Amino acid sequence: MMKKLFLLVILLALCCGRAMAQKSKVDSLQKAWNKNKQDTTLVQLLFNESASKFLFTNVDSGMITAREALALSRKIHYKKGEVISLTAVANFLNISGDLPGSLKVSFEVLPEAMKIHEMRAVSSCYNTRGLTYSTLKDNKKALDNYYAAKDVSEKYHYNDLVVVLLNNISRQYLDMNKLDSALYFTKKDYAFALKVHMTNNLGYLIRNFGIIQFKKGDWAGAIKYYVKSLHDSSARNNHYLQSEDYRRIAEVYQKMNKPDSCIDYAKKAYEQAKLDRNPDLVQRTTKLLTDEFLLKGDYKEAFNYQQITLKAQDSLFSQQKTLQVQNLTYNEQQRRQQAEAAQIAYQNKIRFYGLIGVLLVFVLIVSILWYANQKRKKANNLLHRQNEQIQTQHKALEKTLGELKTTQTQLIQSEKMASLGELTAGIAHEIQNPLNFVNNFSEVNTELIDEMEQEIAKGNFEEVKTIAVDIKENQQKISQHGKRADFIVKGMLQHSRMSTGEKQQTNINVLADEFLKLSYHGLRAKDKAFNSDMVTHFDENLPKINVVQQDMGRVLLNLFNNAFYAVGQKQKTAGAGYKPEVSVSTSAENGHVIIKVKDNGNGIPDAIKEKIMQPFFTTKPTGEGTGLGLSLTYDMVVKGHGGSIQVNSVEGEGSEFIIQLPIN
């Protein structure tokens, strides 16, 4: 599954070589607009302003400006303005991470750009596609689109675009580890850039030389090129390029086993990545820092950078967007294949009828041509209907995905509320016992005080002393059970709060014992007829470990709820000889705390063992479960605490869930 790479910073290079020229062009267009007030001039001004003023500084403002140019072009029916504005929109969508939207716009605008012969826009569309397919690791499609863009740019002498596209092709070959091809295109690009005086992108090319040396194992050569790239004029105020160079220098020092130098340059790379607001660069640099601090034994710094890495990864390309891009690409391919097949069939018929027409009289030729024309119209009508069906399917899919996302959010909230409801019911029963003790001993103390007053009046002070001792013992029991009730209430409040993510030293034995009772009483609150034995085997010497108490409480509650549910279901059909039992045990082995939750219920069929941890998979009847309990449990144990969870089960005999949590 894709982790992520929606921010295509290389796309910025598409306009990098033109930024200075466009700045002066914006100034001249501004003067022209002030003078003639023509709408077409304003469209050109807005388009160039979006590229030169906002491309590197404010993507949102750039998008707004490009859309203003698009709206005005459509209003005045200015086709060229509409095409170039759409290419700008596609670029900004790509930069902001909306790859499906960018790809859709580039598909739509490409034939329009070809129709009006706006070839710079054609090259831009091909380049945008290439960047998208590169992100999706589809190397063939990425190269096909890059080469198509290069051919157009070379044919029409768009030198600034040629420099960018040769660099993109070189980078693609680098990603494919084809170093000879990458070196060839980098040298070609470098020489061409110097020849046409396009030096704004030289930093990217110098960095390519460094990457090639790194992949060949020439550490000194790699550092030389990276440092040269840093000092090149194109790297000034280019946070992306500086972050890349610093990080790659750090990776060289990592290979050379120089951790201090590696950390120093990785930190510089991180600072530049933050300035570039690039989550991909952030997660790459912080991942490097995490690994190095772990090797040095500095776990605090390693943990801090690991948290930054996780946050950066969360903001990267999501699985749903990947699916949308794949569906859009597949449907576009299907449409093109159908169009090509219809066109080929039509051409073959024309050739066939043409050959026959040479041998036939003029009337027969006319008849054949008329028949062929009718067939062509039918084919075009069929293709038009198919296109409409594809568009309808697109809209239906987008609506379905939106509804699915909403439903998932509701189900997750439902699972949390169900868990809290079961916990509350269990607490209500669990807290009743200490409250009964408090009430009973309070009443007894009241009676003893009355007796003591009577004995004092009689002067029987020995009896008074005996009664005082009883009152003191009762008062201690009242205090003991009051603290017990206070502990239960605090546990409920702790569970109901949102997790802060802070880990605390925790006695797993106490936590497991409390949530076992709370789960049992929660189920008893819903089903008075339910009963089950609870067995505990706690290691008295179990060390305390650092866990997020709210999360680990939810984990245990989910497992206990499932275990009691399983024995409850079996109790309904097993007969009088069946004795329900749920047990929990703890131990410390090989640097881990082991928690085992076992039941003698119906067990888990082999056919579904692999699915039980999947989100929304449940064996419970409709309305009794959301299928999120074990999925959330898995995430909290594995992702939240670096532990593991496994299940052993024999159908008809019961199940056992085993959790391992690291002690350190």
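Given the structure is predicted, the values throughout are model-derived calculations rather than measurements.
Within a 6.0 Å sphere centred on NZ of Lys178, heavy atoms belonging to other residues, nucleotides or ligands number 12 at most. In the displayed structure, Asn177 atom CG is contacted under 6.0 Å by more than 12 heavy atoms of other residues, nucleotides or ligands. Other residues, nucleotides and ligands contribute at most 12 non-hydrogen atoms within 6.0 Å of the NZ atom of Lys287.
Between the side chains of Asn139 and Asp175, no donor-acceptor pair of N or O atoms lies under 3.5 Å. Side chains of Asn546 and Gln504: a donor-acceptor N/O pair is absent below 3.5 angstrom, by distance only. A donor-acceptor contact closer than 3.5 angstrom links the side chains of Thr506 and Gln549. Side-chain contact of Tyr204 with Asn238: a donor-acceptor pair under 3.5 Å is present, judged by distance alone.
In this structure, Lys150 is not positioned above the aromatic face of Tyr147 in the sense of NZ or CZ being under 6.0 Å from the six-membered ring centre and within 45° of the axis.
Between Trp219 and Phe214, the angle of the ring planes lies from 30° to 60°, which puts this pair in the tilted group.
With values rounded to the nearest 0.5 angstrom, Ile658 atom CD1 is found 4.5 Å from Asn648 atom CG. Atom NZ of residue Lys255 and atom CG of residue Asn257 lie 10.0 Å apart, to the nearest 0.5 angstrom. Atom NZ of Lys296 sits about 11.0 Å away from atom CD of Glu301, to the nearest 0.5 Å. Note that the OG atom of Ser106 and the CG atom of Asn91 stand 9.5 Å from one another [nearest 0.5 Å]. For the atom pair OG1 (Thr65) and CD (Glu68), the distance works out to 5.5 Å, reported to the nearest 0.5 Å. How far CD1 of Ile223 is from CD1 of Ile249: 6.5 Å, rounded to the nearest 0.5 Å.
A 4.5 Å side-chain heavy-atom check between Leu288 and Tyr305 finds every atom pair outside the cut-off. In this structure, the side chains of Thr132 and Arg129 stay at 4.5 Å or more apart for every pair of heavy atoms. Contact check for Leu161 versus Asn127: no side-chain heavy atoms found under the 4.5 Å cut-off. Considering only heavy atoms from C-beta on, Leu165 stays 4.5 Å or farther from Tyr126 through its side chain. Here the side chains of Val548 and Met636 are not in contact, with every heavy-atom distance at 4.5 Å or above. Using a 4.5 Å heavy-atom cutoff, the side chains of Glu292 and Asp298 are not in contact. When side chains are defined from C-beta on, Thr285 counts as touching Ser243, because their heavy atoms get closer than 4.5 Å. Proximity of Asn145 to Leu131: side-chain heavy atoms (C-beta onward) are nowhere separated by under 4.5 Å.
Between Ile212 and Thr186, the closest heavy-atom pair is CD1-OG1, 4.4 Å. In terms of heavy-atom proximity, Ile116 sits nearest to Lys80 at CD1-CA, 3.8 Å. Between Tyr246 and Leu230, the shortest heavy-atom contact is CE2-CD1, 3.6 Å. Considering all non-hydrogen atoms of both residues, Gln283 and Ala312 come closest at CB-CB, 3.6 Å. Smallest separation of non-hydrogen atoms from Val109 and Cys125: CG1-SG, 3.1 Å. Across all their heavy atoms, Ser261 and Tyr253 have their closest contact at CB-CG, 3.6 Å.
The pair Asp280-Arg284 meets the salt-bridge criterion, since a charged nitrogen lies less than 4.0 angstrom from a carboxylate oxygen. For the pair Arg120 and Asp160, the salt-bridge criterion is met [side-chain N within less than 4.0 Å of a carboxylate O]. By the 4.0 Å N-to-carboxylate-O rule, Glu271 lies close enough to Lys274 to be salt-bridged with it.
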Taking it one step at a time, do Met176 and Leu143 satisfy side chain to side chain contact (heavy atoms under 4.5 Å, CB included)? CA-CA 11 Å; Met176 298 164 66; Leu143 284 173; 3.8 Å; yes
Lys224 vs Asp218, salt bridge (Lys or Arg N to Asp or Glu O under 4.0 Å): CA-CA, chis, key distance, verdict: CA-CA 10 Å; Lys224 181 186 74 172; Asp218 182 1; over 6 Å; no
Step by step, work out the side chain to side chain contact (heavy atoms under 4.5 Å, CB included) result for Leu179 and Lys216. CA-CA 8 Å; Leu179 302 185; Lys216 289 182 176 180; 3.8 Å; yes
Tell me, with the steps shown, if Gln172 and Ser134 meet side-chain hydrogen bond (donor to acceptor under 3.5 Å, both in side chains). CA-CA 7 Å; Gln172 192 63 39; Ser134 178; 2.8 Å; yes
Verdict with reasoning, Glu82 to Glu118, per side chain to side chain contact (heavy atoms under 4.5 Å, CB included): CA-CA 11 Å; Glu82 182 178 349; Glu118 182 60 35; over 6 Å; no
Glu244 vs Arg247, salt bridge (Lys or Arg N to Asp or Glu O under 4.0 Å): CA-CA, chis, key distance, verdict: CA-CA 5 Å; Glu244 276 284 275; Arg247 177 177 62 80; 2.5 Å; yes
Pair Lys155-Asp151, salt bridge (Lys or Arg N to Asp or Glu O under 4.0 Å): steps then yes or no: CA-CA 6 Å; Lys155 180 178 180 181; Asp151 292 342; over 6 Å; no
Given Thr286 and Asn304, is the side chain to side chain contact (heavy atoms under 4.5 Å, CB included) satisfied, shown in steps? CA-CA 9 Å; Thr286 54; Asn304 292 336; over 6 Å; no
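Among Phe209, Phe192, Tyr173, the one residue that satisfies the ring pair (Phe, Tyr, Trp, His ring centres under 6.0 Å) test with Phe185 is Tyr173.
Side-chain atoms of Ser229 do not come within 3.5 Å of backbone N or O of Tyr225 as any donor-acceptor pair.
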